[in-house]
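Below: the structure, in structure tokens.
Scope of the values below: all heavy atoms of this structure, side chains included, with no hydrogens, waters or symmetry mates.
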Amino acid sequence: MPSELALPPLSLNTATVREQWNLAQMIEACARHGIPGISPWRDKLAELGADRAAAMIRDHGLTVTGLCRGGMFPALDAAGRRAAIDDNLRAIDDAATIGARCLVLVCGGLPAGSRDLAGARAMVHDGIATILEHAREAGMPLAIEPLHPMYAADRCCINTLAQALDLCDAIDAEGVAPRADGQPAALGVAVDAYHVWWDPNLDAGLARAGAHRLLAYHICDWLVETRDLLLDRGMLGDGVIDLAALGQRVRGAGYSGFDEVEILSRHWWSQDPDTVLSTICERHLGCVGKPLL
Ligand code: ZN
């Protein structure tokens, strides 16, 4: 009979309480709630300063499971694309300063007024190819996050795990095979339950990625009556994603990191943030912490 609870460590993606707290408050709250990981967004990091944030995160014993986010590569002209590259290089440096496990890339959608989806995807390829060497030198893995196709126009034209892995293999051929030292590939993926739960080819993608390209795992829930395409993500257990089964599939493919909770939600932003965090901890145990089969 199974008796062990298989409960992976939690990480707080700071978007979850971004309207209530600054980064210093979030760091203290993670420690207070026994949440051992944190994944800051860059606006909050900039407010506190990367050096101060790094010291505070270290003092509180937290693991930085990622920095959100780089990306947003497509632009109408060369100057715009160059500005995006420069911003990504700074993001890599900030991620290294705070000791993040990866820099998450939300790759960008169509430039304003454009209908050239293939062109936007080519710009994403070229942008990642341009920054990868700097990321390698900084020892900072880049995690492409495929987003649900409903965001293809405005946020991310990389929409399935297979598509993200095609980019990885095209740009980082070295990373197709696991490294001999067991370290992550220079380029991999961030798998977000909200964006991939529906994908009939998900298991093939997870197996193809393997432990070395599975750099982050984000969780929240899909609400059947979604009222806002961006800001109505569900608390764990309030929607239709089988987070226990999905987590086992991700881990079965070799992922051994944190469960990073990322809930962009006007509802949860209107709640007391300590209540949000205690709800996350309870729901994580209830939804994910099921006995090993
Ligand atoms: Zn995510």
- Task: From the options L48, T63, V64, select the one residue that forms a side-chain contact (heavy atoms from CB on, under 4.5 Å) with I57.
- Result: V64
- Is it true that a side-chain atom of H33 and a backbone atom of I35 form a donor plus acceptor pair closer than 3.5 Å? no
- Message: Could you check whether any side-chain N or O of E282 sits under 3.5 Å from a backbone N or O of T279, counting only pairs where one atom can act as donor and the other as acceptor?
- Response: no
- Task: Establish whether L230 and I241 are linked, either directly or via other cluster members, by ILVMFWY side-chain heavy-atom contacts under 4.5 Å.
- Result: yes
- Message: Is it the case that the side chain of R213 and the backbone of L187 share a donor-acceptor pair, with hydrogens and angles ignored and the cut-off at 3.5 Å?
- Response: yes
- Between P8 and G257, which heavy-atom pair has the shortest distance, and what is it? CB-O, 4.4 Å
- Task: Identify whether I158 and I128 are in the same connected component of the hydrophobic contact network (ILVMFWY, side-chain heavy atoms under 4.5 Å).
- Result: yes
- Message: Whether the side chain of R208 engages the backbone of L165 through a donor-acceptor N/O pair (distance < 3.5 Å, no angle test) should be reported.
- Response: yes
- Task: Establish whether M140 and L215 are linked, either directly or via other cluster members, by ILVMFWY side-chain heavy-atom contacts under 4.5 Å.
- Result: no
- Query: Salt-bridged, R32 to D274, with N to O below 4.0 Å?
  - Reply: yes
- Query: If only atom types and distance count, is the side chain of Q20 paired as donor or acceptor with the main-chain N or O of D272 below 3.5 Å?
  - Reply: no
- Item | Neighbour count above 12 (heavy atom, 6.0 Å) for E174 CD | no
- The reported gap from CG in D43 to CZ in R69 (rounded to nearest 0.5 angstrom) is 9.0 Å
- Does a donor on one side chain and an acceptor on the other come within less than 3.5 Å for D259 and H284? yes
- Query: Quick one: are W198 and P149 in side-chain contact, heavy atoms under 4.5 Å?
  - Reply: yes
- Query: Rounded to the nearest 0.5 Å, how far does CD1 of I263 lie from CG of L236?
  - Reply: 5.0 Å
- What do the steps show when you test I98 against D94 for side chain to side chain contact (heavy atoms under 4.5 Å, CB included), and what is the final call? CA-CA 6 Å; I98 61 171; D94 282 347; over 6 Å; no
- Query: Under 3.5 Å, side chain of W21 to main-chain N/O of R18, donor-acceptor pair present?
  - Reply: no
- Task: Determine whether L12 and L103 fall in the same hydrophobic cluster, where Ile, Leu, Val, Met, Phe, Trp and Tyr are linked whenever their side-chain heavy atoms lie under 4.5 Å apart.
- Result: yes
- Measure across A185 and D172 and return the closest heavy-atom pair with its distance rounded to 0.1 Å. CB-OD2, 4.0 Å
- Task: Give the intermediate values and the outcome of side chain to side chain contact (heavy atoms under 4.5 Å, CB included) for residues R136 and E133.
- Result: CA-CA 5 Å; R136 269 190 219 282; E133 197 49 43; 3.8 Å; yes
- Query: Taking C-beta and beyond as the side chain, do Y255 and V191 meet within less than 4.5 Å on heavy atoms?
  - Reply: no
- Closest approach of S265 to R233 (non-hydrogen atoms, all atoms of both residues): CB-O, 3.5 Å
- Task: Check for a donor-acceptor pair, side chain of R81 on one end and backbone N or O of A75 on the other, with a separation under 3.5 Å.
- Result: yes
- Query: Would you say the side chain of I85 lies within less than 4.5 Å of the side chain of N88, judging by non-hydrogen atoms?
  - Reply: no
- Spatial distance of atom CZ (R58) from atom CD1 (I27) [nearest 0.5 Å]: 11.0 Å
- Item | Exercise: identify the closest heavy-atom pair between M123 and P111 | CE-CG, 4.5 Å
- Query: Can you tell me how far CG of L67 sits from CG of L105, rounded to the nearest 0.5 angstrom?
  - Reply: 10.0 Å
- Message: I'd like to know if the side chain of H134 pairs up with that of D93 as donor and acceptor (distance under 3.5 Å, no hydrogens or angles considered).
- Response: yes
- Item | Least distance between heavy atoms, G108 atom then P74 atom | CA-CD, 3.9 Å
- Query: What orientation do W197 and W222 show, parallel under 30°, tilted 30 to 60°, or perpendicular over 60°?
  - Reply: tilted
- Message: So, taking the atom named CD1 in I131 and the one named CG in D86, what distance separates them when rounded to the nearest 0.5 Å?
- Response: 11.0 Å
- Task: Working to the nearest 0.5 Å, report the span between SG of C287 and CG of L7.
- Result: 11.0 Å
- Do E19 and R266 come close enough that some side-chain heavy atom pair is under 4.5 Å? no
- Message: Do W269 and L223 sit in one hydrophobic cluster, given that two such residues count as connected whenever their side-chain heavy atoms are within less than 4.5 Å of each other, even indirectly?
- Response: no
- Does the side chain of C107 reach to within under 4.5 Å of the side chain of I144, using non-hydrogen atoms? yes
- Does some side-chain heavy atom of H267 sit less than 4.5 Å from a side-chain heavy atom of D238? no
- So side-chain hydrogen bond (donor to acceptor under 3.5 Å, both in side chains) across residues 108-126, not counting sequence neighbours, yields R121-N159
- Task: Apply side chain to side chain contact (heavy atoms under 4.5 Å, CB included) to L246 and L202, showing your working.
- Result: CA-CA 10 Å; L246 183 55; L202 186 62; 3.6 Å; yes
- Checking S39 side chain against N13 main chain: does a donor-acceptor pair fall under 3.5 Å? no
- Message: If you define the side chain from C-beta out and look only at heavy atoms, does anything of L214 sit under 4.5 Å from V189?
- Response: yes
- Quick one: does D232's side chain have a donor or acceptor within less than 3.5 Å of a partner on R227's backbone? yes
- Task: Given side chain to side chain contact (heavy atoms under 4.5 Å, CB included), test L23 with W41 step by step and report yes or no.
- Result: CA-CA 9 Å; L23 183 54; W41 278 61; over 6 Å; no
- Query: For the residue pair L110 and A120, what are the closest heavy atoms and their distance?
  - Reply: CD2-CB, 4.2 Å
- Task: Would you check if the side chain of T14 reaches a backbone N or O of K44 as a donor-acceptor pair within less than 3.5 Å?
- Result: no
- Message: Are the side chains of V17 and W268 in contact, using a 4.5 Å heavy-atom criterion?
- Response: no
- Lys/Arg-Asp/Glu bridge criterion (N-O < 4.0 Å) met for R283, D221: no
